[in-house]
Amino acid sequence: MKKLSELRSEIDKCVRCGTCRSSCPTFKVIGRETSSARGRVTLIADYLNGGIGLSETYLKHLKECTLCGACRTNCPNGVDTVAIFAAARRDATEKQGVPFAASVIFKNLLASGGILSLGLKLATRLQGLFFKDASAGLGLLSRFSLPLVGAGRLVPPLASTPFLDLPEVKAIEGKTDKKGGTRVAFYAGCGINYLMPEVGTKSLEAIKRAGAEVFVPQGQACCGMPAYAMGDIATARSMALKNLEVFEAVDADFIVTSCATCGHGLKHLMSDLLADRPELKARAEKVAAKTRDISELLINELGFKAKGKAGSEKRIVTYHDPCHLGRAQGLREEPRELLKMGQGVVLKEMKNPCLCCGLGGGLMYNNYKLSMEIARKKAENIKNSGAEVVATACPGCMVQLRDGLHRFGVDVRVAHIVELL
Ligand code: SF4
Ligand code: SF4
């Protein structure tokens, strides 16, 4: 992974044309130059040239980017803005350290499944002290401001049993006999493991229905994307190494995840994080080549055809493109094709379905108010689509969409695509 000082030529590719401004979710809300990609690239260039230091203002504009990648996609000069912004965060973190709460979570919890499982068992018991039930079983509302959570947010309850600890998941750790069919190793990621195990079990069901043999290797770690977004590259790298060792040791045709962010992490981030050691990078690229999003696996590799139940009630469903699936992995058609196979699903597109939900880049804890202002636009688009369900393919987006829809009074259910099959 390149350091900021190695990206000078990338920064110089920016001709300050401003094309990126129209697609930037933070610029759409704030409307100031420094909240656009062009403004951020200019600030970083000034910083590198010694014109400004690691000031509060500089750091604020760095942290207020969702790393959604819309600017990179729309840049006529092909500037890798996301690489520049991520390297600038890394530079700042190396000089200033990781914020305390994030450091505890990344270094001690997400990096070690065992400790996290133990910590979460305790947290599951204590969550009533910090959260209260929201109406209609939507989730939990934080009672007061908590590190990385804040006050008054709708969050999903912690799973009483993490996905990786479910008996039916433990039963398929990888000990199945090879029967000659397609073998799929499932990667859960933290969102599914700790918050939405039901998305994991529905995913396993769909893979089995598609005729493949699925197993869930134990020892898998966080994909490293949250630590990467905070600029904590050392922690993200250690997670990448752990996952590399786990997944290159399994006998699988495909490694599959139902989390857009984890998929991007395994396909692209892992090899980038290990690029300082060519032999590790080559091994990571082999793992990446086998990695698929669940929609990509079911549609492109297994030719999945779900049979709708006769007489299923029709329901209008709209689809939110996660940035890490649509832009980062180029997967827009596959999730929609899968969605159309859902029971009674009638797909109705919302305006700008690939607009970021506001969660990315750690914005929901760096600047929750801005994160929710971006979510407000998303909530309006969802409401105007007339859908009763918004489907997506990323547990992180699901958390943000539920919070945003609840906050802005939009009564639309949020579901993962696999839950509608
Ligand atoms: S990042 Fe690209 S689109 Fe944005 S100002 Fe620079 S050259 Fe133009
Ligand atoms: S990554 Fe997204 S939020 Fe950040 S500058 Fe680019 S378009 Fe704006």
Side-chain angles (χ1 to χ4, degrees), residues 1-2 4 7-49 57-93 225-226 228-231 260-261 264-265 268-269 272 320-330 352-378 381 394 396-397 400 404:
M1 175 160 290
K2 286 191 175 158
L4 187 56
L7 286 167
R8 275 185 185 275
S9 59
E10 198 62 36
I11 292 170
D12 290 344
K13 270 165 64 182
C14 172
V15 294
R16 313 289 194 263
C17 67
T19 310
C20 50
R21 300 197 333 166
S22 60
S23 57
C24 174
T26 58
F27 182 74
K28 278 180 204 284
V29 171
I30 301 172
R32 281 201 305 271
E33 179 64 15
T34 41
S35 62
S36 72
R38 180 173 71 176
R40 291 185 175 111
V41 171
T42 307
L43 276 177
I44 293 167
D46 279 358
Y47 168 75
L48 267 178
N49 293 332
T57 313
Y58 170 75
L59 293 170
K60 174 178 152 64
H61 294 306
L62 277 193
K63 286 196 269 181
E64 284 183 354
C65 166
T66 68
L67 299 178
C68 69
C71 48
R72 177 171 60 187
T73 307
N74 292 300
C75 173
N77 269 19
V79 179
D80 191 347
T81 47
V82 176
I84 296 169
F85 303 148
R89 286 177 180 218
R90 173 189 184 170
D91 171 79
T93 301
M225 287 293 287
Y228 163 81
M230 294 293 290
T261 298
H264 174 46
H268 308 127
L269 184 69
D272 199 15
H320 160 70
D321 284 280
C323 300
H324 288 148
L325 197 66
R327 267 189 289 278
Q329 299 183 53
N352 204 357
C354 50
L355 174 71
C356 175
C357 65
L359 175 93
L363 186 63
M364 56 85 78
Y365 48 84
N366 285 333
N367 186 338
Y368 180 64
K369 202 163 161 251
L370 175 58
S371 162
M372 276 295 117
E373 282 309 311
I374 297 172
R376 182 198 292 273
K377 293 198 180 292
K378 192 91 228 179
N381 292 348
C394 176
C397 295
Q400 174 80 351

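Atoms within each ligand, like the ligands themselves, are counted from 1 in listed order. Quick note: numbers below take in every heavy atom, side chains included, and nothing from hydrogens, waters or symmetry partners.
Side-chain N or O atoms of R72 include none that pairs as donor or acceptor with a backbone N or O of T81 at under 3.5 Å. In terms of modelled atom types and a separation under 3.5 Å, the side chain of K13 and the main chain of G78 share a donor-acceptor contact. No donor-acceptor distance shorter than 3.5 angstrom exists from the side chain of K63 to the backbone of L363, with no hydrogens or angles considered. The backbone N or O of G358 sits less than 3.5 Å from a side-chain atom of S371, completing a donor-acceptor pair. Judged by distance alone, the side chain of T93 and the main-chain N or O of M230 form a donor-acceptor pair under 3.5 Å. Without hydrogens or angle criteria, R21 side chain to E33 main chain gives no donor-acceptor distance under 3.5 Å. Proximity of a side-chain donor or acceptor of N49 to a complementary backbone N or O of A45 within less than 3.5 Å is detected.
Numbered from 1 in the order shown, with element, the atoms of ligand 2 that lie under 4.0 Å from a heavy atom of T66 read 2 (Fe), 3 (S), 4 (Fe). Per-residue contacts place G69 under 4.0 angstrom from the following atoms of ligand 2 (heavy atoms of the residue considered): 1 (S), 2 (Fe). Close approach of ligand 2 to C24 (heavy-atom distance below 4.0 Å) involves ligand atoms 3 (S), 5 (S), 7 (S), 8 (Fe). Within the listing of ligand 2, atoms 4 (Fe), 5 (S), 8 (Fe) sit less than 4.0 angstrom from a heavy atom of R40. When each atom of ligand 1 is checked for a heavy atom of R38 under 4.0 Å away, the hits are 5 (S).
Neither the backbone nor the side chain of V82 has a heavy atom within less than 4.0 Å of ligand 2. Contact annotation: for F27 versus ligand 2, there are no heavy atoms closer than 4.0 Å. At a 4.0 Å heavy-atom cut-off, ligand 2 does not touch R72 at all. Here R21 has no heavy atoms under 4.0 Å from ligand 1, in either its backbone or its side chain.
At least one heavy atom of V15 sits less than 4.0 Å from an atom of ligand 1. P76 counts as a contact of ligand 1, since one of its heavy atoms falls under 4.0 Å from the ligand. No heavy atom of A37 sits closer than 4.0 Å to any atom of ligand 1.
To the nearest 0.5 Å, atom CZ of residue F27 and atom CZ of residue R32 are 10.5 Å apart.
In terms of protein heavy atoms, atom 4 (Fe) of ligand 2 is closest to C65 SG, 2.3 Å. Atom 8 (Fe) of ligand 1 has C17 SG, 2.3 Å as its closest protein atom, hydrogens excluded (heavy atom only). Among protein heavy atoms, the minimum distance from atom 6 (Fe) of ligand 2 is reached at C71 SG, 2.2 Å. Summary of contacts: the protein heavy atom closest to atom 2 (Fe) of ligand 1 is C75 SG, 2.3 Å.
Residue contacts to atom 8 (Fe) of ligand 2: C356 brings no N, O or S atom closer than 2.8 Å. At a cut-off of 2.8 Å, C68 coordinates atom 2 (Fe) of ligand 2 through an N, O or S atom.
Just one residue in the list R40, E64, H61, E373 forms a side chain to side chain donor-acceptor pair (under 3.5 Å) with T26, and that residue is R40. Checking each of C356, C357, C65, C323 against P25 for a side chain to side chain contact (heavy atoms under 4.5 Å, CB included) leaves exactly one that passes, namely C356.
The option with the heavy atom closest to atom 3 (S) of ligand 1, from among C14, C20, G78, G18, is C20.
Under the 4.5 Å side-chain criterion, counting only non-hydrogen atoms from C-beta, L4 is not in contact with R90.
Side-chain atoms of N74 and R327 include no donor-acceptor pair closer than 3.5 Å.
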